[in-house]
Amino acid sequence: MNMAAAIEARSDVKGWCPGVLRPMQSGDGLIVRVRPRVGAFSLDEARALADLAGRLGNGHIDLTRRANLQIRGVEADALCELQAALGQLGLVDRDAETEAVRNVMVAPLAAAGSDVRRIAMAVEALLASDRRLLDLPTKFGLSIDEGGPVSIASERADICLRAVGDEFAVGLDGREGMRWLGTCAPDAALNVVSTAMHAFLDCAPHRRLRDLPGADLARVQAAVSPLLSKLPSFETIGGRVLGLVQNAVGIAAPFGRLEATQLCRLADLATMADARELHLSPWRTIYVTVRDAAAGRALLDGAEAIGLIVRDDDPVLRIEACPGAPDCTSSSVDARGDARRLAGLASAKGFTGSLHVSGCAKGCARSAPSDLVLVGDGGRYHLIRHATTRGPAERSVDADDLASVFPENAYG
């Protein structure tokens with residue numbers, strides 16, 4: 001099947017993710033998702049991606065919750081040139097099936113040469129070489145974490161490795177969340193991951209580990225547990241931190257959207273801070289390891305000047321929003337434009353809860369519940385409280401009446 005046919009055949013399929021070799025049609029053109037190798041792009045790669053997004057796309061770049069990057073607005077006749085350029089950068093897998101299963105999130109502060117990065121490289125190589133693993137669902141994912149202030153261990157993944165001392169704790173996701181089973185040495189981690197993935201496939205077809213019936217999940221755990229040692233106590237707290245953090249800085253994009261010019265400028269600012277890479281994270285935040293605190297502060301000042309977010313108290317960070325119309329054909333509302341207005345209104349009203357603005361009921365930007373949810377439908381919004389986009393609607397709201405969604409006495 002040629003590429004145009006592949007696009008047409010999958011453009012209306014739900015529950016899959018685009019790639020370089022299998023892009024997704026959207027309202028503003030094709031979406032091409034680029035997966036970084038072991039969680040980071042070199043600064044030269046970042047500049048090249050910015051150039052490609054500006055020349056062959058519409059200049060819009062999205063950061064995803066799976067720590068990937070999406071180039072938007074690509075026309076079909078520019079796709080081959082884009083794929084060839086990404087191939088020269090080493091960012092294209094050998095086929096669409098291999099690309100679809102390379103879903104590996106990596107600790108955003110992990111240093112080159114660390115056990116975390118070494119294991120991530122081995123896992124990516126395994127996914128490319130073991131052809132049976134191509135049967136993994138495209139939503140099946142792994143995370144490899146080192147702990148610390150920006151730990152990703154609390155982010156849902158089917159299989160999680162988390163550094164604990166000189167070993168790695170191993171967790172498997174279930175219906176009630178991550179279950180930590182034990183630890184293994186770094187050199188044994190690849191075998192543990194392979195065993196877990198093959199045991200999951202023995203129980204297929206299911207989309208995620210959390211979808212397995214209890215008996216099947218127990219079989220996967222039974223396959224992995226003999227490979228593990230006793231589990232010590234440890235914490236999985238962490239999450240997004242902006243500003244200076246350890247020897248790095250955290251910089252967020254509003255609603256996960258970067259412009260090509262911003263990405264290019266960010267790479268230039270990172271160069272001045274003696275950085276080598278941009279590390280992606282599941283919070284649509286980029287982390288950059290810098291020379292020292294003074295270099296970090298200069299980088300943060302430069303990032304803020306080009307419209308990026310560098311403070312944890314920025315009200316935009318409390319809102320999740322999908323692209324909305326006209327970027328997405330499923331949406332009839334300007335979700336991100338309205339979300340920006342809501343950020344100001346929430347601050348003025350003293351509202352401190354979480355908000356989710358979705359162009360439609362699919363809720364692509366956030367699957368977890370929020371205190372306030374607005375779901376686009378026919379140019380208006382359904383107002384939902386303390387639920388997901390699938391929750392019961394309280395009433396409908398016009399886009400010019402967003403202030404009315406906040407109670408008189410704001411709550412958290």
Side-chain angles (χ1 to χ4, degrees), residues 60 62-65 150 154-155 239-243 250-259 262 281-286 300 303-328 330-412:
H60 297 328
D62 287 338
L63 305 178
T64 79
R65 283 204 165 275
V150 290
S154 60
E155 299 297 315
R240 178 179 59 203
V241 179
L242 299 186
I251 300 167
F255 310 117
R257 170 64 58 83
L258 282 168
E259 301 303 326
Q262 288 177 311
S281 76
W283 313 294
R284 300 187 177 116
T285 296
I286 293 174
L300 291 170
E304 187 172 30
I306 61 173
L308 302 180
I309 299 173
V310 300
R311 299 189 309 274
D312 286 311
D313 62 355
D314 193 302
V316 171
L317 294 174
R318 294 208 313 275
I319 305 181
E320 299 287 355
C322 66
D327 289 359
C328 178
S330 298
S331 177
S332 61
V333 293
D334 178 12
R336 283 186 175 157
D338 292 336
R340 285 184 179 276
R341 292 168 53 211
L342 278 167
L345 290 168
S347 180
K349 295 279 188 178
F351 181 83
T352 59
S354 56
L355 298 98
H356 179 193
V357 184
S358 183
C360 71
K362 288 188 293 185
C364 296
R366 179 178 172 86
S367 58
S370 297
D371 295 317
L372 272 179
V373 184
L374 291 171
V375 181
D377 182 19
R380 308 184 76 212
Y381 287 101
H382 295 306
L383 173 61
I384 301 169
R385 300 187 191 273
H386 303 296
T388 68
T389 56
R390 306 289 182 176
E394 179 180 295
R395 58 187 173 90
S396 291
V397 181
D398 288 325
D400 60 2
D401 190 31
L402 294 179
S404 71
V405 307
F406 298 104
E408 289 300 322
N409 296 313
Y411 56 90

Give, for atom CZ of Arg311 and atom CD of Glu304, the distance between the pair rounded to the nearest 0.5 Å.
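The CZ atom of Arg311 sits 5.0 Å away from the CD atom of Glu304.
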Between [X] (side chain) and [Y] (backbone), is there a donor-acceptor pair under 3.5 Å?
{"X": "Ser354", "Y": "Asp371", "result": "yes"}
{"X": "Ser370", "Y": "Leu372", "result": "no"}
{"X": "Ser404", "Y": "Asp401", "result": "yes"}
{"X": "Arg284", "Y": "Ala252", "result": "no"}

side-chain contact (heavy atoms from CB on, under 4.5 Å) involving [X] - partner list, sequence neighbours excluded:
{"X": "Arg257", "answer": "His60, Asp62, Arg72, Glu259, Pro323, Asp327, Arg336"}
{"X": "Arg240", "answer": "Leu242, Trp283, Thr285, Tyr287, Leu317"}
{"X": "Cys364", "answer": "Lys362"}
{"X": "Pro254", "answer": "Leu308, Ile309, Val316, Arg340"}

At their closest point, which heavy atom of [X] faces which heavy atom of [Y], and how far apart are they?
{"X": "Ala393", "Y": "His382", "value": "CB-CB, 3.9 Å"}
{"X": "Gly359", "Y": "Ser331", "value": "CA-OG, 3.3 Å"}
{"X": "Ala346", "Y": "Arg318", "value": "CB-NH2, 3.6 Å"}
{"X": "Phe255", "Y": "Ala321", "value": "CD2-CB, 3.9 Å"}
{"X": "Arg366", "Y": "Ala368", "value": "NE-O, 3.3 Å"}
{"X": "Val373", "Y": "Val375", "value": "CG1-CG2, 3.8 Å"}

Per the salt bridge (charged side-chain N to carboxylate O under 4.0 Å, His left out) rule, what does the pair list look like for residues 386-397, sequence neighbours excluded?
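Matches after skipping sequence neighbours: Arg385-Glu394.
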Please evaluate residues Leu345 and Phe351 with respect to the criterion side chain to side chain contact (heavy atoms under 4.5 Å, CB included), reporting the C-alpha separation (whole Å), side-chain torsions for both, the decisive distance (0.1 Å), and the verdict.
CA-CA 8 Å; Leu345 290 168; Phe351 181 83; over 6 Å; no
Who are the salt bridge (charged side-chain N to carboxylate O under 4.0 Å, His left out) partners of Arg380, not counting sequence neighbours?
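Per chain and number, Arg380 pairs via salt bridge (charged side-chain N to carboxylate O under 4.0 Å, His left out) with Asp398.
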Identify, with sequence neighbours excluded, every residue that meets side-chain hydrogen bond (donor to acceptor under 3.5 Å, both in side chains) alongside [X].
{"X": "Asp312", "value": "none"}
{"X": "Ser281", "value": "none"}
{"X": "Ser332", "value": "none"}
{"X": "Asp338", "value": "Arg341, Tyr381"}

Working note: Leu374 + Val333, criterion side chain to side chain contact (heavy atoms under 4.5 Å, CB included); need CA distance, chi angles, decisive distance, verdict.
CA-CA 10 Å; Leu374 291 171; Val333 293; over 6 Å; no
